[in-house]
Protein chains: 2
Amino acid sequence: MTDVAREADVSLKTVSRVVNGVSTVDPEMAARVRAAVARLGFRRNSMARDLRTRSTSATVGLLIEDLANPFYAGIAAAAAQCALENDTLLITASSEEDADRERRLLLQMCERRVDGLLVVPAGSTADHVYLRTEIEMGTPAVFLDRPPTNVRADTVLIDNAAGARSAIEHLTARGHERIGVLSDWLSIHPMSERLSAAEAALERAGAPYRPDLIRFGLHHVPDTEAAVEEMLTGPQPPTALFALNNRLTLGVLSALNRLGRDVAVVGFDDFETAGLMAYPLTVVSYDARAMGRIGAELLFERIGGDASRPRTVVIPTTLVEHSGAVRPAPPAPARD
Amino acid sequence: MTDVAREADVSLKTVSRVVNGVSTVDPEMAARVRAAVARLGFRRNSMARDLRTRSTSATVGLLIEDLANPFYAGIAAAAAQCALENDTLLITASSEEDADRERRLLLQMCERRVDGLLVVPAGSTADHVYLRTEIEMGTPAVFLDRPPTNVRADTVLIDNAAGARSAIEHLTARGHERIGVLSDWLSIHPMSERLSAAEAALERAGAPYRPDLIRFGLHHVPDTEAAVEEMLTGPQPPTALFALNNRLTLGVLSALNRLGRDVAVVGFDDFETAGLMAYPLTVVSYDARAMGRIGAELLFERIGGDASRPRTVVIPTTLVEHSGAVRPAPPAPARD
DNA sequence: GAGAGTTCGGCCAACGTTGTCTCGTCGGCC
DNA sequence: GGCCGACGAGACAACGTTGGCCGAACTCTC
């Protein structure tokens, strides 16, 4: 900035006035300053500025499980959009379900003085006490998809119980009695919620409790495929499968395709190509982007000074039946 | 920090030494300081630190088109992973194909003193001269998927020409003579590259140039569906379609499903569920995550001081034939 | 021509932290 | 017992920017 002042032959103070848009500056002088700024390629150092003005850093942190998962990517996109509308940049990081990594990243963000945090807690036994201080010190946090542990804060959840219930009821209403359920790690809160709601719904429907039809701890696609294969090749295989998240659903479909089997499938989480699959697929659908958007909106209210009691927003689910695509006979085939 | 010093009854400087792990501090004193840090919930302000030490901000910026698109999400995830390995946080933003928005966001990142930039240029006529100064001033930039305009910098591209050529050759080898091509905005560099390579390959194969079988400017799914519908309901409809990116491919499949038509489809960009579709689908595949990873690695080399000539890395493509899933007859159906 | 209003420059301090330098203290060694 | 060296702690300035303040110079108005 000193260089700009020298280049434009004005005082340092005037440069500061110009770059801050103070109106009491002579237009000719302001133009000279702007020209010097352009010539020298000067960019205000917003770190120094924020330090001096004690203003916000205009940055929020988003911690999710895996950016590449379309579910989280949707959340991130919605949050980024909301951040942009609030003139704020978004720092994104993936915890990969590692609580320690989550902790390191969140504290790193706090050191960088983000204005707030959006957090999808890692599934492995996380403890968020360390965030209590940060929240009290003025860095609000909003939790997405999974509630926090040992700290109270705004939370946006999906109505997991209703979603799982509707899925099971959909299947039992169609006469299915042997329903296999596939779950990710139970340490992931939505998984345990979905699983217990599914079990309750099964019981209500009079379906006997069959531990051999419930598999959990399936975090990777190959595990899921193996579990499905094992279920279907056993005695009394299930006539329907309920997959508790989008990755599991893909594993199920892939396994069914490989085995050449056709069982009814319901999956938690909708996805873009769900309607184009060879199999009819019913999904528990909800507005994933809304979770990112609402979470970000809550966060910006907190940043704006809202000190009311922590709120919990629950996103409703709907059951969507994708009929499945059918391939008609080729009409005018080329030689082949 | 002053508060911590008072709390621990030591000097400010000693606190600084402790939080920086300087070894020459009396262990008893260090323990006292650490206790005070914990009691007060002190977190070092890394903005002030970076200001004083003139060190890097340990932050890089990533600007992509749309976080929710799995293609860009993959890039982002790979870049974030690489950033983490370099103890760096990632600021992410979406340009939504708006050059002005891109410019604003990138300059905002520069003001925040990111150590470097990863940029997927917006498709609309962008001009990156404004980055030249930044690059010269020590903020390196690496361009992904699309080359920069009016500035030289490291670039990671996909082998669009080879990919498009292999797609067309795949179809012509199977006897297709009427091949429809669907393209996004031609202002998006990979689109024009893919389209001209496709046209050249068609010509080489002796296919007559048919402007009615080439549609471009299709940025949204409904546009694509309409274009496909129009093509297929015309006289002499194509027997094969080549979609130049993943969104277009979805539009094509969705239109085919709605129309109940079956034509051969090749799509640029692979995607997770490509093998589970009702239609056999051939895709031009490549390692999308590699683009993010290699780009980030190049960037960190530059940040590390590498001043060699700008490099261009081209990611190869392969043609993958997904045979399409087939739904067998239900084996043991429930009543229904 | 005088007073009022406007605009710029310069100085100082401060944001939170760290590098440099200096000084005091203590232990050990001859 | 005295001297030296090492080590630990504190004072000060600086990073780049902005806010507050005052004085100087200029412009406008009556």
Side-chain angles (χ1 to χ4, degrees), chain A residues 1-37 40-59 107-115 133-134 137-139, chain B residues 1-34 36-37 40-59 107-115 134 137-139:
Chain A
M1 209 150 130
T2 317
D3 298 340
V4 174
R6 197 181 318 117
E7 176 82 12
D9 197 29
V10 297
S11 80
L12 183 67
K13 186 73 202 188
T14 304
V15 178
S16 173
R17 279 194 261 254
V18 172
V19 299
N20 284 301
V22 176
S23 55
T24 63
V25 179
D26 184 81
E28 189 269 337
M29 229 166 189
R32 230 165 61 214
V33 169
R34 268 189 282 272
V37 165
L40 271 57
F42 166 80
R43 304 273 175 235
R44 176 169 62 186
N45 184 331
S46 64
M47 289 163 62
R49 173 177 216 271
D50 295 342
L51 190 62
R52 176 64 179 93
T53 62
R54 290 168 145 187
S55 67
T56 72
S57 66
T59 313
L107 291 182
Q108 221 174 319
M109 290 174 181
C110 287
E111 282 202 351
R112 205 150 290 292
R113 292 300 185 266
V114 294
D115 298 334
T133 324
E134 311 299 332
M137 306 286 281
T139 307
Chain B
M1 209 148 132
T2 316
D3 298 339
V4 174
R6 195 181 319 114
E7 175 83 9
D9 195 31
V10 297
S11 82
L12 184 69
K13 185 64 203 183
T14 303
V15 177
S16 169
R17 276 193 266 258
V18 172
V19 299
N20 284 300
V22 176
S23 56
T24 64
V25 180
D26 184 85
E28 190 268 339
M29 234 167 184
R32 232 162 63 214
V33 170
R34 266 189 285 272
V37 165
L40 270 56
F42 165 81
R43 304 268 176 241
R44 175 171 61 188
N45 184 329
S46 63
M47 288 163 64
R49 172 177 217 272
D50 295 341
L51 189 61
R52 177 60 177 96
T53 61
R54 292 168 146 184
S55 67
T56 72
S57 67
T59 314
L107 291 182
Q108 221 172 319
M109 290 174 181
C110 287
E111 280 202 352
R112 208 150 289 291
R113 294 296 187 268
V114 295
D115 298 333
E134 309 300 332
M137 306 285 280
T139 307

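Convention: sequence-line order gives letters A, B, ...; per-chain numbering from 1.
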May I ask you to verify if any side-chain N or O of [X] is less than 4.0 angstrom from the OP1 or OP2 atom of [N]?
X: B:Arg52; N: C:dC15; value: no
X: A:Arg49; N: D:dT18; value: yes
X: B:Thr14; N: D:dG10; value: yes
X: A:Arg17; N: C:dT7; value: no
X: B:Asn45; N: C:dC15; value: no
X: A:Ser16; N: D:dT18; value: yes

To the nearest Å, how far apart are [X] [atom1] and [N] [atom2]?
X: B:Arg112; N: D:dG16; atom1: CZ; atom2: P; answer: 17 Å
X: A:Arg54; N: D:dT18; atom1: CZ; atom2: C1'; answer: 13 Å
X: B:Arg44; N: C:dC15; atom1: CZ; atom2: C1'; answer: 17 Å
X: A:Leu12; N: C:dC8; atom1: CG; atom2: P; answer: 15 Å
X: A:Lys13; N: C:dC8; atom1: NZ; atom2: P; answer: 13 Å
X: B:Arg43; N: C:dC15; atom1: CZ; atom2: C1'; answer: 20 Å
X: A:Met1; N: D:dC15; atom1: CE; atom2: P; answer: 14 Å
X: B:Asp50; N: C:dC15; atom1: CG; atom2: P; answer: 19 Å

According to salt bridge (charged side-chain N to carboxylate O under 4.0 Å, His left out), who are the partners of A:Arg34, at least two apart in sequence or on a separate chain?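 For A:Arg34, no residue satisfies salt bridge (charged side-chain N to carboxylate O under 4.0 Å, His left out) once neighbours in sequence are set aside.
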By the 4.0 Å heavy-atom rule, please label A:Met29 as base, sugar-phosphate, or nothing.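 Sugar-phosphate, backbone atoms only, no base.
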Just by distance, do the side chain of A:Arg113 and the backbone of A:Cys110 share a donor-acceptor pair under 3.5 Å?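 Checked: pair present.
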Is there a donor-acceptor pair closer than 3.5 Å between any side-chain N or O of A:Arg32 and the backbone N or O of A:Ala8?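 Yes, the answer is positive, given that a donor and an acceptor are paired below the 3.5 Å cut-off.
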Side chains of A:Val15 and A:Glu7: closer than 4.5 Å at any heavy-atom pair?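 No. Closest side-chain heavy atoms not under 4.5 Å.
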Mapping B:Arg113 and B:Asp9 to their closest nucleotides on DNA chain D, which lands nearer the 5' end?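 Between the two, 5'-proximity favours B:Asp9.
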Salt bridge or not for A:Arg112 and B:Asp50, using N-O below 4.0 Å?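 Judged by the 4.0 Å cut-off on N to carboxylate O distance, A:Arg112 and B:Asp50 do form a salt bridge.
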